[in-house]
There are 2 protein chains.
Amino acid sequence: MALRHAVLAALLEGELSGYQLTKAFDLGVANFWYAQPQQLYAELTRLEKGRLIAGREVIQEARPNKRLFRLTDAGLAELEEFTAAAAKPSFIRDDLLVKVQAADHVDSEALIAQLSERAAFARAKIDLFGKMLRSMRGDHTEEEFLRHGHRIGPYLTCLRGLAFEEGNRDWCEHTIAVLRERQKAHVQH
Amino acid sequence: MALRHAVLAALLEGELSGYQLTKAFDLGVANFWYAQPQQLYAELTRLEKGRLIAGREVIQEARPNKRLFRLTDAGLAELEEFTAAAAKPSFIRDDLLVKVQAADHVDSEALIAQLSERAAFARAKIDLFGKMLRSMRGDHTEEEFLRHGHRIGPYLTCLRGLAFEEGNRDWCEHTIAVLRERQKAHVQH
DNA sequence: CCATGATAGTCATGAAAGTGACTAGTCTTA
DNA sequence: TAAGACTAGTCACTTTCATGACTATCATGG
């Protein structure tokens, strides 16, 4: 029951099609949840059956027809209930951490390559999140916006995403530096 | 194929029993992966069948017998291969983010309660990670240890865990402050 | 005029993760 | 001296996630 609520939360933004949702939940953009198209379409079907969302067909000329979904009252109630329930603590679960855990026993070059790639990805997302934040707050300062804006939820999750990626970037860079330093030291023996 | 490699990486530390692994993979301690006992025992069985680890029974007097597992050469090779392969980018997938995404439409008090709880949890882990790091590096400074220590993998993942939890704590506190501020402003209307 | 790429989705299947309930002996503490 | 926590693990089951393959149409660029 996790993707389920993420979809409901996304639909708070207004009516969205499955395809639009897939864009919002894309790995490259997602600031609060990630999922693949197939999962989303499946979830939408389930949610509609449960009457937590309602869809309507929109016939289009120039492109395939689509279905726009909106939250029902039952859906909003479900989300409310979910928010009140205790959350399980989260943790990082990342292949890259497993690899670094094994750092002393595996090839450093391969590891450094992975870390560089991840750092690059993190920088790209930092950039993107920066832009998203600026566009959400418009002409206001962050402080102003958070005080008086009327949809701060997405802004706040985006801030977390930004900090997370900054953490990733810094850690990757630091780890690379450490591994390089040790390579040098090792060669000199 | 994720827990699988995490278990292999954990066994780099030396022979461990299933029970010891469950301690290391516990939500309260895990600095690089989390899993439940049942998952671990199941994974250990699979890995042993695949000859990536080997177990030996240890008969004990005062407590139940146990099985100690160690990595085989095949297991180390598998881990090596895994490290060289491309990692998929990671992302946060957290109930709490979903809840904050919906912040504008749900009860703030409930949300603040969740955030406080998470912040407290984060502080506890920060403390724990600090202790773990100190104990790993012994009398050395961090710089010294990372340069010359001979098992820095766990230290590095622990550093990431620490930064992650600091990020959680800061974000939770900031978000709480923002929500409180808005509550005040709302009441005054 | 053909190859991409975007829009808009569907189906089937497998792998991974999570949950609840349960056994069984020992050690500690109120 | 009884209750609860710790050690050590197992069985059965469900939910969630992820993967690959597939169908259409339209627009754009070379």
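In what follows, chains are A, B, ... by sequence order, proteins preceding strands, each numbered from 1. Since this is a predicted model, take the numbers as computed values, not measurements.
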For the side chain of [X], counting heavy atoms from C-beta on, which of [options] is nearest?
{"X": "B:A2", "options": "D:dC17, C:dA17, D:dT10", "answer": "C:dA17"}
{"X": "B:W33", "options": "C:dA17, D:dG9, C:dG9", "answer": "C:dA17"}
{"X": "B:K66", "options": "C:dC27, D:dC17, D:dG9", "answer": "D:dG9"}
{"X": "A:Y34", "options": "D:dA18, C:dA17, C:dT10", "answer": "D:dA18"}
{"X": "B:L3", "options": "C:dG18, C:dA17, C:dG9", "answer": "C:dA17"}
{"X": "B:Q39", "options": "D:dA8, C:dG18, C:dA8", "answer": "C:dG18"}

Atom [atom1] of [X] and atom [atom2] of [N]: how far apart are they, to the nearest Å?
{"X": "B:Q60", "N": "D:dT7", "atom1": "CD", "atom2": "P", "value": "11 Å"}
{"X": "B:Q20", "N": "D:dT7", "atom1": "CD", "atom2": "P", "value": "10 Å"}
{"X": "B:K88", "N": "D:dC17", "atom1": "NZ", "atom2": "P", "value": "14 Å"}
{"X": "B:Q36", "N": "D:dA12", "atom1": "CD", "atom2": "C1'", "value": "15 Å"}
{"X": "B:N65", "N": "C:dT26", "atom1": "CG", "atom2": "P", "value": "11 Å"}
{"X": "B:L40", "N": "D:dT7", "atom1": "CG", "atom2": "C1'", "value": "16 Å"}
{"X": "B:Y41", "N": "C:dG18", "atom1": "OH", "atom2": "P", "value": "17 Å"}
{"X": "B:R93", "N": "C:dG18", "atom1": "CZ", "atom2": "P", "value": "11 Å"}

DNA chain D: 5'-proximal contact among A:E43 and B:P64 (nearest heavy atom):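 Its nearest nucleotide lies further toward 5', so the answer is B:P64.
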By nearest nucleotide on DNA chain D, pick out whichever of A:A35 and B:S17 is the more 5' one.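 Looking at the nearest nucleotide for each, B:S17 comes out on the 5' side.
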Find out if a path of hydrophobic residues (ILVMFWY) with successive side-chain heavy-atom gaps under 4.5 Å connects A:V100 to B:Y34.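 Different clusters: A:V100 never reaches B:Y34 through Ile, Leu, Val, Met, Phe, Trp or Tyr contacts under 4.5 Å.
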Remember a base hit wins even if backbone is also touched, and classify A:T22 as base, sugar-phosphate or nothing at under 4.0 Å, heavy atoms.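 Nothing: the residue A:T22, judged by heavy atoms under 4.0 Å, touches no strand.
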Give B:R46 one of three labels, base, sugar-phosphate or nothing, depending on what nucleic acid heavy atoms sit under 4.0 Å from its own. nothing
Taking N and O atoms by type only, does the side chain of B:Q38 place a donor or acceptor under 3.5 Å from a partner on the base of D:dG9?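 Answer no: no donor N or O sits under 3.5 Å from an acceptor.
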If you compare all heavy atoms of A:A110 against all heavy atoms of B:A84, which two are closest, and at what distance to 0.1 Å? CB-CA, 4.1 Å
Are a donor atom and an acceptor atom from the side chains of B:N168 and A:R160 found within less than 3.5 Å of each other? yes
Verify the contact: side-chain N or O of B:Y19 to OP1 or OP2 of D:dT7, cut-off strictly under 4.0 Å; return yes or no. yes
Show me the donor-acceptor pairs, under 3.5 Å and distance only, between side chains in residues 124-137 of chain A and residues at least two apart or in other chains.
| residue | atom | partner | partner atom | Å |
| --- | --- | --- | --- | --- |
| A:K125 | NZ | A:L27 | O | 3.1 |
| A:K125 | NZ | A:A30 | O | 3.2 |
| A:R137 | NH1 | A:Y155 | OH | 2.8 |

Lys/Arg-Asp/Glu bridge criterion (N-O < 4.0 Å) met for A:R118, A:D94: yes
